[in-house]
Amino acid sequence: MIASSMRPSKAASAPARTKKRADEFLMAELVITIDGPAASGKSTMARLLAERLGATFLDTGAMYRAVTLAAVRDHVELRDEEQLARVVERHRFDFEAARGKMLVRIDGEDVTEAIRDNELTAQVRYIASAGRVRARLVEMQRAFARKHRQVVTEGRDQGTVVFPDATIKFFLTAGAAERARRRKEELDAKGLPADLEQIREAIEARDRSDENRAVGPLKAAPDAIRVDTTGLSIEEAAERFYHHVEERCPRNR
Ligand code: DC
């Protein structure tokens with residue numbers, strides 16, 4: 001059980017800082033990155049793959065969501081990068097890998113469910129575009145990977161920015177209509193009313209924002225394996241991922 005804290009270590013000495021820089025790119029033995037657009041099934045694939053490999057699952061979207069929730073609760077102007085950076089320093093954020101999901105806490109309060117709220121989801125784009133916040137979260141993600149032997153991580157920039165030397169990189173796609181349908185099914189299963197067209201519009205808006213931001217935009221690494229899950233069941237898609245891992249990474253056979 002590993003908990004990571006985003007609070008910066010207090011007054012790191014100069015030698016300690018030098019050491020940190022030297023260690024910065026040391027990684028887990030195995031890092032698998034899965035990037036892709038909103039609701040493309042990254043979390044499900046990453047979780048299933050991690051389970052099958054006995055690896056740790058890292059949900060980086062949860063980190064952006066947690067900072068957004070803290071900023072909203074602090075009534076911070078979301079376009080003000082300076083203020084957003086202060087939110088990150090002011091609170092303690094813990095991300096803990098537990099049974100195929102990430103437990104997220106802000107100042108000790110469990111917000112794992114609260115960060116999935118639809119309204120909050122629409123506001124994450126401000127935090128995702130704030131370069132200083134991104135830089136801090138990227139550091140956190142690398143620190144997380146250094147603490148675990150095998151990591152399956154998912155997000156938008158994992159194969160391009162955060163882990164350019166990852167063992168295997170995937171880029172997941174699925175048509176917007178299919179992604180909207182899947183999201184509606186999830187909401188229906190939870191008994192939450194949802195309009196398919198509205199979900200689709202929200203997904204497409206997030207795609208545009210993710211693809212067009214200046215820092216850490218959503219894009220496939222040149223060496224990423226592209227997997228289009230349109231029309232595939234979860235089991236078929238998971239099998240496809242595992243097959244690629246077996247092929248590319250014989251030590252996991
Ligand atoms: O994967 P998700 O829906 O939980 O991600 C929430 C938002 O966080 C998404 O709209 C974009 C942002 N994000 C990001 O910018 N970079 C990441 N590595 C992960 C998520």
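Just follow the structure's listing: the first ligand is 1, and inside any ligand the first atom is 1.
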Geometric N/O contact Asp157 with ligand 1, under 3.5 angstrom: yes

Have a look at Lys169 and tell me which of Thr33, Asp35, Asp223 forms a side-chain hydrogen bond (donor to acceptor under 3.5 Å, both in side chains) with it. Asp223

Just to confirm my output: which protein heavy-atom neighbour is closest to atom 7 (C) of ligand 1, and how far is it? Val124 CG1, 3.5 Å

Looking only at non-hydrogen atoms, which of Arg65, Lys42, Gln141 approaches atom 4 (O) of ligand 1 most closely? Arg65

Compute whether any side-chain donor of one residue and acceptor of the other, for Thr153 and Gln141, lie under 3.5 angstrom apart. no

Any idea which protein heavy atom is nearest atom 1 (O) of ligand 1, and the distance to it? Arg156 NH1, 3.0 Å

Closest to atom 19 (C) of ligand 1 among protein heavy atoms sits Thr60 OG1, 3.4 Å

Would you check if there is a donor-acceptor pair between the side chains of Thr68 and Gln123 at a distance under 3.5 Å? no

Just checking, any donor-acceptor pair under 3.5 angstrom between side chains of Glu239 and His243? no

When only distance counts, is Arg213 in polar contact with ligand 1, meaning an N/O pair under 3.5 Å? yes

Under 4.0 Å from a heavy atom of Asp210: give me the atoms of ligand 1 that qualify, with their elements. 9 (C), 10 (O), 11 (C)

Closest to atom 3 (O) of ligand 1 (heavy atoms only, candidates Arg206, Arg125, Arg116) is Arg206

Protein contact of atom 16 (N) of ligand 1 - nearest heavy atom, named by residue and atom, plus distance: Arg134 NH2, 3.0 Å

Clusters formed by hydrophobic residues whose side-chain heavy atoms approach within less than 4.5 Å: which one holds Val215, and what are its other members? none

Between Lys219 and Phe171, is there a side-chain heavy-atom distance shorter than 4.5 Å? no

With a 3.5 Å cut-off and no angle check, do the side chains of Arg182 and Thr229 form a donor-acceptor pair? yes

Quick test: of every protein heavy atom, which one is nearest to atom 20 (C) of ligand 1, and how far off is it to 0.1 Å? Gly61 CA, 3.5 Å

Under 4.0 Å from a heavy atom of Gln158: give me the atoms of ligand 1 that qualify, with their elements. 18 (N)

Less than 3.5 Å apart, any donor N or O on the side chain of Asp195 or Gln198 sitting next to an acceptor on the other? no

